[in-house]
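Just so you know, ligand 1 is whichever comes first in the structure, and atom 1 is the first atom listed for that ligand. On a predicted model such as this, the values are computed, not experimentally measured, just so you know.
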Amino acid sequence: MTKVYMSRPLPERVQAAAAELFDLTVRPQTSPLSVEEMRTALREYDGVVPTLGDMFSAEIFAAEPSPRCQVLANFGVGYNHIDVDAASAAGVVVSNTPGAVTDATADTAMTLMLMSARRAGEGERLVRAGAWEGWHPTQLLGMHLGGKTVGIVGMGRIGQAIARRCHFGFGMNVAYHSRSPKTLDFPAQRKDSLQSLAASVDVLVIAVPGGDATHHLINAQVLSAMQAHAHLINIARGNVVEEAALIEALSTGQIGGAGLDVYEFEPTVPDALKAMENVVLLPHIGTAALEVREDMGMMSVANLKAFFAGESPPNKV
Ligand SMILES: NC(=O)c1ccc[n+]([C@@H]2O[C@H](COP(=O)([O-])OP(=O)(O)OC[C@H]3O[C@@H](n4cnc5c(N)ncnc54)[C@H](O)[C@@H]3O)[C@@H](O)[C@H]2O)c1
Ligand SMILES: O=C(O)[C@H](O)CO
């Protein structure tokens, strides 16, 4: 029977579906795989279900050049933790879970946007500290989103879902920067550079994939182009934003605030960020809803099933 290894426990429904089809081993820990665990997974299993944090780098494939494993069915849309070229050179196909994550992650972006613009975290801390002295007309005044402009960096599935929510739900104007124009079913202004997008919006949202090509895409230069009242929202990958430059921009008042779901050195969150009132910090919960995690898992299982039936996985990357 085909041997499959899951690097973390997934929702019960997903494990049950995988166990019906394969000889399934579920690793009980929730931490990223160690180098030794990744090598063993490649050596001893036909298929592996890894997830973010399991760093299947070129070095791992170099150490296991002829693996038994033929497919990495990643749990998650982002696969920047897998060196796809090295996997391919070792004969390993990689798949991911696009679409299943889109709406939930866009909702998380809206949560961050509203919390940051309307100072919700700051207000919650005030209440919890017992320091709230009652309503008054000029307390905790934030930025109203209606009529403001959101700038999307990465107008893909999640970027478009965020833009739709902003336009149809909140009456915001939408701008974006992309290498080529997009055909969209809502009005949006395309900016020809990241700098001009950053300079012209009230909220800048990052929704690009992670990886070498987008590492520190949002650096000191981009942050200094932003307006002093503007907010930065990152639901993509932590190292797309140069965290040290963000801390500087937030602490000097170069930008108004930030909402983050992801961090450059996850799960480490710098003390400087934790100490600031004008930043909202979430623990990478973009897709954290049971039905979403079930959909992602069922997609990984469907990719494995197709692969071992001799077909191309529907979500091969
Ligand atoms: N926070 C979370 O829990 C969470 C959840 C899901 C996805 N994500 C992240 O979001 C990413 C995007 O997911 P998606 O499904 O929307 O992917 P996608 O491929 O549909 O969209 C990404 C878009 O970014 C564009 N892009 C790439 N490089 C760019 C650049 N330098 N400048 C401007 N645009 C650029 C691409 O052309 C594409 O349109 C994932 O790769 C993942 O890392 C995070
Ligand atoms: O890439 C993804 O899908 C998320 O970051 C994990 O849910």
Side-chain angles (χ1 to χ4, degrees), residues 7-8 10-11 14 30 32 49-54 72-82 84 94-113 151-165 175-184 188 190-198 201 204-219 222 233-241 259-264 266-267 280-300 303 315-317:
S7 75
R8 327 280 167 98
L10 295 185
V14 178
T30 56
V49 181
T51 191
L52 68 96
D54 297 335
L72 294 182
N74 188 56
F75 177 82
V77 71
Y79 54 87
N80 55 296
H81 52 285
I82 300 172
V84 177
V94 179
S95 65
N96 69 344
T97 63
V101 303
T102 302
D103 284 332
T105 312
D107 290 348
T108 300
M110 298 314 296
T111 304
L112 285 169
M113 207 184 290
I152 310 281
V153 185
M155 198 56 131
R157 287 171 294 252
I158 296 171
Q160 289 181 37
I162 296 167
R164 259 190 216 101
R165 282 159 172 71
Y176 69 104
H177 165 64
S178 67
R179 289 159 292 193
S180 53
K182 303 270 176 190
T183 307
L184 302 165
R190 179 167 169 261
K191 297 279 183 183
D192 53 13
S193 78
L194 181 51
Q195 291 289 118
S196 64
L197 180 73
V201 299
L204 188 68
V205 181
I206 316 307
V208 293
D212 290 347
T214 55
H215 183 261
H216 287 184
L217 181 69
I218 307 302
N219 53 23
V222 176
I233 307 298
N234 188 10
I235 53 78
R237 283 291 181 263
N239 65 11
V240 176
V241 175
L260 309 173
D261 190 40
V262 288
Y263 304 89
E264 184 160 5
E266 214 166 295
V280 179
L281 306 169
L282 295 183
H284 204 146
I285 57 166
T287 60
L290 178 60
E291 62 265 50
V292 178
R293 294 278 163 87
E294 284 182 342
D295 287 351
M296 292 162 67
M298 295 311 268
M299 229 168 174
S300 294
N303 282 316
N315 311 108
K316 182 172 185 280
V317 303

> Would you say the side chain of Arg157 lies within less than 4.5 Å of the side chain of Val101, judging by non-hydrogen atoms?
Replying inline: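 No, side chains not in contact.
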
> Hey, are the side chains of Ile218 and Leu194 touching, using non-hydrogen atoms and a 4.5 Å cut-off?
Replying inline: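 SC-SC contact between Ile218 and Leu194 confirmed.
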
With respect to [atom], which of [options] exhibits the smallest heavy-atom separation?
{"atom": "atom 21 (O) of ligand 1", "options": "Ser178, Gly99, Gly156", "answer": "Gly156"}
{"atom": "atom 44 (C) of ligand 1", "options": "Ile235, Thr105, Val317", "answer": "Ile235"}
{"atom": "atom 36 (C) of ligand 1", "options": "His284, Arg237, Met296, Arg179", "answer": "Arg179"}

> Under a 4.0 Å heavy-atom limit, does Gln160 contact ligand 1 with its side chain, its backbone, both, or neither?
Replying inline: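 Under 4.0 Å from ligand 1, Gln160 contributes no heavy atoms.
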
> Is Pro98 touching ligand 1 with its side chain, its backbone, both, or neither, if touching means heavy atoms under 4.0 Å apart?
Replying inline: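 No part of Pro98 is near ligand 1 at this cut-off.
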
> Are side-chain N/O atoms of His216 and Glu264 paired as donor and acceptor at under 3.5 Å?
Replying inline: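 Checked: His216/Glu264 side chains pair up, N/O donor to acceptor below 3.5 Å.
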
Considering only heavy atoms of [X], which atoms of ligand 1 have at least one such atom less than 4.0 Å away?
{"X": "Pro209", "result": "22 (C), 24 (O), 27 (C), 41 (O)"}
{"X": "Thr287", "result": "3 (O), 5 (C)"}
{"X": "Gly78", "result": "41 (O), 42 (C), 43 (O)"}
{"X": "Gly154", "result": "23 (C), 24 (O), 25 (C), 34 (N)"}
{"X": "Lys182", "result": "39 (O)"}
{"X": "His177", "result": "33 (C)"}
{"X": "Met155", "result": "39 (O)"}

> Who are the salt bridge (Lys or Arg N to Asp or Glu O under 4.0 Å) partners of Arg8, not counting sequence neighbours?
Replying inline: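 Only Asp54 meet the salt bridge (Lys or Arg N to Asp or Glu O under 4.0 Å) criterion with Arg8.
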
> Looking at residues at least two apart in the chain, or sitting in another chain, which of them share a salt bridge (Lys or Arg N to Asp or Glu O under 4.0 Å) with Asp103?
Replying inline: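 Scan of Asp103 (salt bridge (Lys or Arg N to Asp or Glu O under 4.0 Å), adjacent residues dropped) gives Arg165.
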
Please output the side-chain donor-acceptor pairs of residues 205-215 that fall under 3.5 Å, not counting sequence neighbours, one pair per line with the distance.
residue : atom : partner : partner atom : Å
Thr214  : OG1  : Pro209  : O            : 2.7
Thr214  : OG1  : Gly211  : O            : 3.4

>> Could you check whether any heavy atom of Ala236 sits closer than 4.0 Å to an atom of ligand 1, since that is the contact criterion I want to use?
In response: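 Yes, Ala236 has a heavy atom closer than 4.0 Å to ligand 1.
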
> What residues come within 4.0 Å of ligand 2, counting heavy atoms only?
Replying inline: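 Its neighbours under 4.0 Å (heavy atoms only) are Leu52, Gly76, Val77, Gly78, Val101, Arg237, His284, Thr287, Met296, given by chain and number.
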
> Is the backbone N or O of Asn96 less than 3.5 Å from a side-chain atom of Asn303, with the two atoms forming a donor-acceptor pair by type?
Replying inline: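 Checked: pair present.
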
> Sub-3.5 Å donor-acceptor pair from the side chain of Asp261 to the main-chain atoms of Gly286, do we have one?
Replying inline: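 Yes, the answer is positive, given that a donor and an acceptor are paired below the 3.5 Å cut-off.
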
> Looking at Val262, Ile158, Ile285, which hits side-chain contact (heavy atoms from CB on, under 4.5 Å) with Ile235?
Replying inline: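 Option passing the side-chain contact (heavy atoms from CB on, under 4.5 Å) with Ile235: Ile158.
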
> Where is the tightest heavy-atom contact between Asn234 and Ala236, given as atom of each residue plus distance?
Replying inline: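 Nearest heavy atoms, Asn234 then Ala236: OD1-N, 2.9 Å.
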
